[in-house]
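Computed from heavy atoms alone, side chains included, the values below leave out hydrogens, waters and symmetry copies. All values reported here derive from a predicted model rather than from experimental measurement.
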Amino acid sequence: MSFSVDTGLSSERGPRSDNEDFAQVRQPDPQASAWGVIAALADGVSTGGLGKEAAQTSVMTLVNDWYATPATWDPTVALDRVISAHNAWLVDHNRRRQSMDARAAGSATCTLTALVLRAHGFTLAHVGDSRAYLIRDGECTLLTQDHVMGRTEFQNGLTRAMGLDDALRVDYTDGDLRIGDTLVLTSDGVHGHLKQSVLHELATQGTAQEASQALVSKALASGGRDNATAVVLRVKGLDLVSLADMSRRGRQLPVPPRLKEGDVIDHYQVEQPVFSNGIHRVYRVRCLLHGTVHALKTLHESRASDAHEREMLAHEAWLGSRVSERNAEGLLHVTEPDNPTAFYTLSDWLAGESLANMLERKATFTVPEVVAASASLARTLGRLHQHGVVHRDIKPDNVHRGDDGQWRILDLGVALSGKEPEQLRVLHAGTPSYMNPEQWSDDPEVGRATAQSDLYALGVTLYVWLTGRLPYGEIEPYQVSRYRRDPTPPSRARPDVPIWLDHIVLKAVARDPKARFETAEELHLALERGASRPLAPARASSLLERDPAAVWKIAFAVAMLFNLLLVYWLVFLPRR
C-alpha cells in the first residue's frame, strides 16, 4: 500500500473580530513524494494586532519552503533551517517597525506546531502553546509541551514564540507511524476548552474533515472566547520503510537479549538459533499470526551499545527492503516487522544450501548447469547495480540455491548504496581472494569498490565453481604479487569446459580492468549466447604488463651476475 493520509482542517474566529490562527496541510505532488505530507498550525499573539501577520507568514513559509529543501537532509535539519530563517526575518521586521515608530505597540509573534509525515515516521517541530496529539490503539498522547509562564492571554505568558527572540529554541520529536494513527494539531482555543478524553472521542469520528469541524464547534460551544483551529491527519497507508525510519529504530529500540528456542519476540517465535559471530545473531522464527517462517537478524548483545553497528544494520535492513521492492527474483525478500518493540530485521527463510557448502561436500555440476546459474546471478547483480548498489562481497558463501531451484545473492551487510554510513563506506570490505587487484591500490579513488568489482568477484566464483580452485590462488590482503601471472584456462583442469566458456571466465577475471566486462548485462548476454556467438580469446599478458618492475629486476640480476664473475676473475684466476 502506498503512502496515504486523510486530512481535515477547520478554523473559526469565534466571538473575536478577527481570526489570528492560521493552518495549512499540503500533500506532495508525485515528483515530491519523498518529502511526504506537511501540516502546520500557528496561533498569532494578539497584542498589537500583528499576530495574524506572524501566523500566516510562518505557516505559509514553512509549508512552501519545506519542499525546496534537499530530500537527503534529516527532517529536523530541514525544518530547523526554514523555521530559523523565518524567525530571524520576523525578529528583524519587528525591530525595524519599532525603530521607525517608537509609539508602535506589540510585535508580530505567534506559536508554531508543524508535523511532517513520510514513509514510516513523523517529525514534529513545536514552539509556543499550540499542541499536537497522537491517537493510537485507543490512547491519546500529548506530544508537545506548552512554553508558557502561566495561564494568561498575553504575550508575556509565552516563554517561546516565533518572532520573539533571535535565539529561538524549537522542540523536535521523531516517532514511528502506523496505519490507523490519528494526529491532531490544535490552537489553545480548542484544547483550552476540551478535555483530552473529549478531544480523543471527537477526533476519531467521521472523516478527518468532519472530525476537525467537530473539534472546533465543540470548543466554541463549550464557552471558547478565542479563535479555534484544529487539523486532523489520519494515516491510511504507508510507503516502504525509509533509511531515516530504520536509523531511528536503530537508535531508539533496544537490542533483544539472547533468544532460545520457544522464546517469542513480538509475534515471532524462535524455532532455532542459527548463527552467531560476536557481532550479529540470526534465528529461524515462525510468525504466530500467519505461520510463515523467517530469518530474524539482530545485533549480538555485546554490540547493543555500538552506535556504528546499529547504523550499519539499519542500512542493511533498509537496503534489503529497497532492492526487493520489485523484481526481487534472485534477491532475498526482506519483510517489514509490524510495530517492532526491539531492533531486528526480518527476511524470508530460505531452505536450501549455499554454493560454498555444495562445493565443500564435492557436489557435481554439469557445465550447462553452471552456465545457467551464472547467467541468473549476473542478471540479479545487474538489478542491484540498477538500484545503485555495489554488493562488495560476492563469493560462494553468499550465493544460495533454494529448494525452489532459484539461485540468489545474499548478504547486503557491507553493500554500498550512496547513503551508507561513513564507517561502512571507509571499511575495506570483501574477501581478499575475490577482490579485484586494483582494490589494493594506495590511491583511494582507484581502490574503491565499484560495480565492476562485483563482476570480477562473480568471475572468480565462476572459476572456482568450474575448477575447484581460485584463479590466482589464495590472496592475502595487499599481496599484489599473486596477480603477476595469467590464470590457467578452466578447461585445463576440467576438459568438459568448452573453449568459449574459457574465454568468458578469463575475461571476467582479467588482471587489466579494461579487459573485463563493463556491465552485468554484458556478462549475462555472453553467458546466454554461449557457443553461438563466442568471445574472442583474451590476449596473454606480457611479462612487463604482469610485473612493470620486471625489466629492472632482470637488469639488476644481469648486473649482479656480471659483478660476481668479475670478482671471481679478480680473486681466483691466475695472474702472470
Point to revise | Criterion side chain to side chain donor-acceptor pair (under 3.5 Å) against Arg160, the qualifying member of Thr111, Asp146, Asp171, Asp129 | key: Asp171
**Study point:** Expected output: side-chain Asn87 to main-chain Met162 donor-acceptor under 3.5 Å
**Key:** no
Check your understanding: Are a donor atom and an acceptor atom from the side chains of Ser130 and Thr113 found within less than 3.5 Å of each other?
Key -> yes
Exercise for review: For side-chain contact (heavy atoms from CB on, under 4.5 Å), just list the numbers for Val25 and Leu233, CA-CA rounded to whole Å, side-chain angles, deciding distance to a tenth of an Å, and then say yes or no.
Suggested key: CA-CA 9 Å; Val25 181; Leu233 308 171; 4.0 Å; yes
Review point. Phe343 and Leu313: side-chain contact (heavy atoms from CB on, under 4.5 Å), yes or no, with the steps?
Key: CA-CA 9 Å; Phe343 181 44; Leu313 183 58; 3.9 Å; yes
Review point. More than 12 non-hydrogen atoms from neighbouring residues, nucleotides or ligands closer than 6.0 Å to CD on Glu261, yes or no?
Key: no
Exercise for review: Kindly write out the residues that satisfy ring pair (Phe, Tyr, Trp, His ring centres under 6.0 Å) with Trp465, not counting sequence neighbours, or none if the list is empty.
Suggested key: Phe365, Trp407
Exercise for review: Consider only side-chain N and O atoms of Thr159 and His147, and report whether a donor and an acceptor are under 3.5 Å apart.
Suggested key: no
Exercise for review: Ignoring hydrogens and angles, tell me if any N or O in the side chain of Gln213 forms a donor-acceptor pair with the backbone of Glu210 under 3.5 Å.
Suggested key: no
Check your understanding: Going by heavy atoms in the side chains, are Pro75 and Phe122 under 4.5 Å from each other?
Key -> no
Study note, to complete from the structure: In short, ring pair (Phe, Tyr, Trp, His ring centres under 6.0 Å) pairs touching residues 303-323 with sequence neighbours left out are His315-Trp318
Revision key, fill the gap. Leu62 and Ala40 have their tightest heavy-atom pair at CD2-CB, 4.1 Å
Study note, to complete from the structure: The salt bridge (Lys or Arg N to Asp or Glu O under 4.0 Å) partners of Lys395 (sequence neighbours excluded) come to Asp393
Check your understanding: Excluding sequence neighbours, so at least two apart, what forms side-chain hydrogen bond (donor to acceptor under 3.5 Å, both in side chains) with Glu420?
Key -> Arg425
Practice item. Kindly state each residue pair satisfying ring pair (Phe, Tyr, Trp, His ring centres under 6.0 Å) with at least one member in residues 278-306, sequence neighbours excluded. Key: Tyr268-His294
Practice item. State, with a plain yes or no, whether a side-chain heavy atom of Thr450 is found less than 4.5 Å away from one of Arg448. Key: yes
Exercise for review: Could you pull out the closest heavy-atom pair between Met435 and Gln439, with the gap in Å?
Suggested key: CE-OE1, 3.4 Å
Practice item. Could you pull out the closest heavy-atom pair between Ser374 and Leu462, with the gap in Å? Key: OG-CD1, 3.2 Å
Exercise for review: Consider only side-chain N and O atoms of His385 and Asp454, and report whether a donor and an acceptor are under 3.5 Å apart.
Suggested key: yes
Check your understanding: Considering all heavy atoms of both residues, which atom of Cys140 and which atom of Tyr133 are nearest to each other, and what is their separation?
Key -> SG-CD2, 3.8 Å
Revision key, fill the gap. Heavy-atom nearest pair, Ala203 first then Thr182, reads O-CG2, 4.0 Å
Review point. How far does CG of Leu377 sit from CD1 of Ile394, to the nearest 0.5 angstrom?
Key: 8.0 Å
**Study point:** Within 6.0 angstrom of Gln145 CD, more than 12 heavy atoms from elsewhere
**Key:** no
Point to revise | Test log, rule side-chain contact (heavy atoms from CB on, under 4.5 Å), inputs Thr345 and Leu296 | key: CA-CA 6 Å; Thr345 70; Leu296 184 151; over 6 Å; no
Review point. More than 12 foreign heavy atoms under 6.0 Å from NZ of Lys218: is that the case here?
Key: no
Study note, to complete from the structure: Rounding to 0.5 Å, atoms CG (Leu134) and CG (Leu142) come to a distance of 10.5 Å
Check your understanding: Going through the checks in order, is the salt bridge (charged side-chain N to carboxylate O under 4.0 Å, His left out) test met by Arg131 and Asp188?
Key -> CA-CA 8 Å; Arg131 292 182 180 179; Asp188 59 355; over 6 Å; no
Review point. Can any side-chain N or O of Asp404 pair as donor or acceptor with the backbone N or O of Gln406 at less than 3.5 Å?
Key: yes
Practice item. Could you verify whether a donor N or O on one side chain and an acceptor N or O on the other, from Glu309 and Gln423, lie under 3.5 Å apart? Key: no
Practice item. Give a yes or no on whether the backbone of Thr229 and the side-chain of Ser187 come within a donor-acceptor separation of less than 3.5 Å. Key: yes
Point to revise | Residues that Glu311 engages under side-chain hydrogen bond (donor to acceptor under 3.5 Å, both in side chains), provided they are two or more places apart | key: Ser247
Check your understanding: Taking the side chain from Ser376 and the backbone from Ala372, do they hold a donor-acceptor pair closer than 3.5 Å?
Key -> no
Point to revise | Pairs meeting criterion salt bridge (charged side-chain N to carboxylate O under 4.0 Å, His left out) with involvement of residues 267-282, two or more places apart | key: Glu271-Arg284, Glu271-Arg286, Arg281-Glu301
Check your understanding: Could you go step by step and tell me if Leu124 and Thr144 meet the side-chain contact (heavy atoms from CB on, under 4.5 Å) rule?
Key -> CA-CA 9 Å; Leu124 171 67; Thr144 55; 3.6 Å; yes
**Study point:** Which residues share a salt bridge (Lys or Arg N to Asp or Glu O under 4.0 Å) with Asp80, sequence neighbours left out
**Key:** none
Check your understanding: For Thr123, what residues pass the side-chain hydrogen bond (donor to acceptor under 3.5 Å, both in side chains) criterion, not counting sequence neighbours?
Key -> Asp174
Point to revise | Main-chain N/O of Ala314 paired to Arg249 side chain as donor or acceptor, under 3.5 Å | key: no
Practice item. Not counting sequence neighbours, which residues clear salt bridge (Lys or Arg N to Asp or Glu O under 4.0 Å) with Arg361? List them please. Key: Glu353
Practice item. Ignoring hydrogens and angles, state whether a donor on the side chain of Arg379 or His524 is under 3.5 Å from an acceptor on the partner side chain. Key: yes
Check your understanding: Any side-chain donor paired with an acceptor under 3.5 Å for Thr341 and Asp266?
Key -> yes
Practice item. Can you measure from OG (Ser354) to CG (Asp411) and round to the nearest 0.5 angstrom? Key: 12.0 Å
Review point. Would Arg118 count as a cation-pi partner of Trp35, with NZ or CZ less than 6.0 Å from the six-membered ring centre and within 45° of the ring normal?
Key: no
Point to revise | More than 12 heavy atoms of other groups within 6.0 Å of Glu422 CD | key: yes
Practice item. Answer yes or no: are there more than 12 heavy-atom neighbours, outside Glu360 itself, under 6.0 Å from its atom CD? Key: no
Practice item. Look at the side chain of Thr69 and the backbone N and O of Asp65, then say whether any donor-acceptor pair between them is shorter than 3.5 Å. Key: no
Check your understanding: Can you find a heavy atom in the side chain of Leu355 that is under 4.5 Å from one in the side chain of His400?
Key -> no
Check your understanding: Sequence neighbours excluded, which residues qualify as side-chain hydrogen bond (donor to acceptor under 3.5 Å, both in side chains) partners of Asp74?
Key -> Thr76
Exercise for review: Can you sort out the partners of Arg258 under salt bridge (Lys or Arg N to Asp or Glu O under 4.0 Å), two or more places apart, ordered by chain and number?
Suggested key: none
Practice item. Indicate the atoms forming the closest heavy-atom contact of Tyr67 with Gly36, along with that distance. Key: OH-O, 2.8 Å
Check your understanding: Are Lys260 and Asp263 close enough, and set up right, to give a salt bridge (charged side-chain N to carboxylate O under 4.0 Å, His left out), and what steps lead you there?
Key -> CA-CA 6 Å; Lys260 60 182 183 300; Asp263 286 348; 3.5 Å; yes
Review point. Would you find a donor on one side and an acceptor on the other, under 3.5 Å apart, between the side chain of Thr431 and the backbone of Tyr434?
Key: no
